[in-house]
**Q** 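My structure is below; once you've seen it, I'll send some questions.
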Amino acid sequence: MQETPRPLYHFTSPDDWINDPNGLVYHDGEYHLFYQYRTPRHWGHAVSLDLVRWEHLPVAIAPDALGDIWSGSVVVDADNTSGYFPDTRDGMVATFTHHKGSLQDQSINCSTDRGRSWTWPVGVNPVVPNPGRADFRDPKVLWHAPSGQWAMVVTGGDRLLFYTSPDLTHWTPAGTFKGGQPMPGAIWECPDLFRVPIEGRPGESRWVLQVSYLGPHTLAKDAEPISPGTVYFVGEFDGSNFVCDHI
């Protein structure tokens, strides 16, 4: 904390390169922060009791034969829907992008000890193989209580793809969202999906679909450069499809 020029307030990795925050989750009294770390990509890991003071833990997930570990999310499988936690009854499941060469797939890894160690499930990865897209990454997974299933939103280049699962392992393609692109040719990544209450209207809420974007891979000769940014859409989500209120 006293190293120059390390900031005193913002989180920094103990060393090396740091990028996207991943797997932000609260479990058993601790806030967990995973993050893109090192080259090739690993998941670094830290925990906090107050979101200000952080304890660095060993690397959570390291590259393997399927590739580097790119961005994703973590859920607490409180009811052991996955079947991976028969002894502890609950555990943490990380879903992330495996990247090797030009191929991007979605895979999982599991922890039974509050994220201190992680185990590869045997014979299941990738749980969502690439459907033939150059850009297919950054899965956000959540439990959708009304439909009683897990939902995943993952970027597919110029669109968002939705999948559903009963157990975090077997995923079925569901809806697609391609509305409101901020500009033609932009590449979407790092989506998030969450429900928020409507201020002043008790009992009412809407879903917010948030996504970052990069400029297109190629630009016309006279096109204006595109700066990266973030957009969000407000609407309804039924566990499989997102319908925007404004498109």
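Nothing here was measured: the structure is a model prediction, and the numbers come from that model.
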**Q** For the aromatic rings, using the six-membered ring if either is Trp, is the centroid distance between Phe11 and Tyr35 under 6.0 Å?
**A** yes
**Q** With a 6.0 Å cut-off on the ring centroids, do Tyr213 and Trp188 count as close?
**A**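 Ring centroids of Tyr213 and Trp188 are no less than 6.0 Å from each other.
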**Q** Can you confirm whether the side chains of Tyr163 and Ser240 place a donor and an acceptor under 3.5 Å from each other?
**A**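 Side chains of Tyr163 and Ser240: no pair found under 3.5 Å.
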**Q** For Ser111 and Ser117, which heavy atoms make the closest approach, and how far apart are they?
**A** OG-O, 2.8 Å
**Q** With no hydrogens and no angle check, do the side chains of Asp15 and Tyr37 hold a donor and an acceptor under 3.5 Å apart?
**A**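 Yes, side-chain donor-acceptor contact under 3.5 Å.
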**Q** Could you check, using the six-membered ring where one of them is a Trp, whether Phe237 and His144 have ring centers closer than 6.0 angstrom?
**A** yes
**Q** Will you find, in the side chains of Arg195 and Ser205, an N or O donor that is under 3.5 Å from an N or O acceptor?
**A** yes
**Q** For the pair Asp77 (side chain) and Ser82 (backbone), establish whether a donor and an acceptor sit closer than 3.5 Å, ignoring hydrogens and angles.
**A** yes
**Q** Closest heavy-atom contact between Asp20 and Ser71?
**A**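 Scanning both residues completely, I find the closest heavy atoms to be OD2-OG, 2.9 Å.
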**Q** Taking all non-hydrogen atoms of both residues into account, name the closest pair between Phe177 and Cys244 and its distance.
**A**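 Shortest heavy-atom separation between Phe177 and Cys244 comes out as CE1-CB, 4.0 Å.
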**Q** Does NZ or CZ of Arg38 lie under 6.0 Å from the centre of the six-membered ring of Trp43, at an angle within 45° of the ring axis?
**A**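 That pair does not qualify as a cation-pi contact.
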**Q** Looking only at the aromatic ring of each residue, does the gap between the centers of Trp120 and His98 stay below 6.0 angstrom?
**A** yes
**Q** Within the side chain of Thr112, is there an N or O that forms a donor-acceptor pair under 3.5 Å with the backbone of Gly91?
**A** no
**Q** For a quick test of reading the model, state the closest non-hydrogen atom pair linking Phe242 to Val234 and the distance between them.
**A**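 Looking at all heavy atoms of both residues, the shortest contact is CZ-C, 3.9 Å.
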**Q** What closest approach, in Å, do Asn22 and Gly72 show between heavy atoms, and which atom pair accounts for it?
**A**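 For Asn22 and Gly72, the tightest heavy-atom pair comes out as ND2-N, 3.6 Å.
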**Q** Under a 3.5 Å threshold, yes or no: a donor from one side chain and an acceptor from the other, between Thr39 and Arg41?
**A**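 Side-chain D/A pair, Thr39 to Arg41: present.
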**Q** Verify, without hydrogens or angle tests, whether Ser13 (side chain) and Ile18 (backbone) share a donor-acceptor contact under 3.5 angstrom.
**A** no
**Q** Examine distances only and state if a side-chain atom of Asn125 and a backbone atom of Ile108 form a donor-acceptor pair shorter than 3.5 Å.
**A**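 It does hold such a pair.
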**Q** Does atom CD of Glu204 have more than 12 heavy-atom neighbours, drawn from other residues, nucleotides or ligands, at distances under 6.0 Å?
**A**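 Atom CD in Glu204 is packed in, count exceeds 12.
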**Q** Is it the case that His45 and His32 place a side-chain donor and acceptor less than 3.5 Å from each other?
**A** yes
**Q** Judged by atom type as modelled, is there a donor-acceptor pair below 3.5 Å linking the side chain of Asn80 to the main-chain atoms of Asp90?
**A**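 Side chain of Asn80 to backbone of Asp90: no pair is present.
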**Q** Give a yes or no on whether Asp79 atom CG has more than 12 heavy-atom contacts from other residues, nucleotides or ligands under 6.0 Å away.
**A** no
**Q** Is a salt bridge present between Arg116 and Glu30, judged by a nitrogen-to-oxygen distance below 4.0 Å?
**A** yes
**Q** Do Trp70 and His42 have ring centroids that are under 6.0 Å from one another?
**A** no
**Q** Keeping the roles fixed (side chain from Gln104, backbone from Phe136), state whether a donor-acceptor pair exists under 3.5 Å.
**A**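 Yes, the answer is positive, given that a donor and an acceptor are paired below the 3.5 Å cut-off.
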**Q** Atom NE2 in His99, atom CG in Asp68: separation rounded to 0.5 Å?
**A** 7.0 Å
**Q** Show the nearest heavy-atom pair for residues Phe162 and Leu193, with the distance to one decimal.
**A**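 Minimum heavy-atom separation between Phe162 and Leu193: CE2-CD2, 4.1 Å.
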**Q** Closer than 3.5 angstrom, by distance alone: can the side chain of Lys140 be matched with the main-chain N or O of Ser73 as a donor-acceptor pair?
**A** no
**Q** How about Thr176 and Arg159: does a side-chain donor come under 3.5 Å of a side-chain acceptor?
**A**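 Arg159 and Thr176 do not have a side-chain donor-acceptor pair below 3.5 Å.
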**Q** Within the distance-only criterion (no hydrogens, no angle test), does the side chain of Arg133 pair as donor or acceptor with the backbone N or O of Gly156 below 3.5 angstrom?
**A** yes
**Q** If we ignore angles and hydrogens, is there a donor and acceptor under 3.5 Å between the side chains of Ser165 and Asp167?
**A**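 On atom types as modelled, these side chains qualify, holding a pair under 3.5 Å.
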**Q** Determine yes or no for a side-chain-to-main-chain donor-acceptor pair under 3.5 angstrom, with Asp105 supplying the side chain and Pro126 the backbone.
**A** no
**Q** Just verifying a value: how many Å separate Asp135 CG and Ile187 CD1, rounded to the nearest 0.5 Å?
**A**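 The CD1 atom of Ile187 is 4.5 Å from CG of Asp135, to the nearest 0.5 Å.
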**Q** Taking atom NE2 of His56 and atom CG of Leu33, what is their separation to the nearest 0.5 Å?
**A**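 The distance works out to 9.5 Å.
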**Q** Applying side-chain hydrogen bond (donor to acceptor under 3.5 Å, both in side chains), run through Thr97 and Gln106 and close with a yes or a no.
**A** CA-CA 5 Å; Thr97 300; Gln106 316 316 317; 2.8 Å; yes
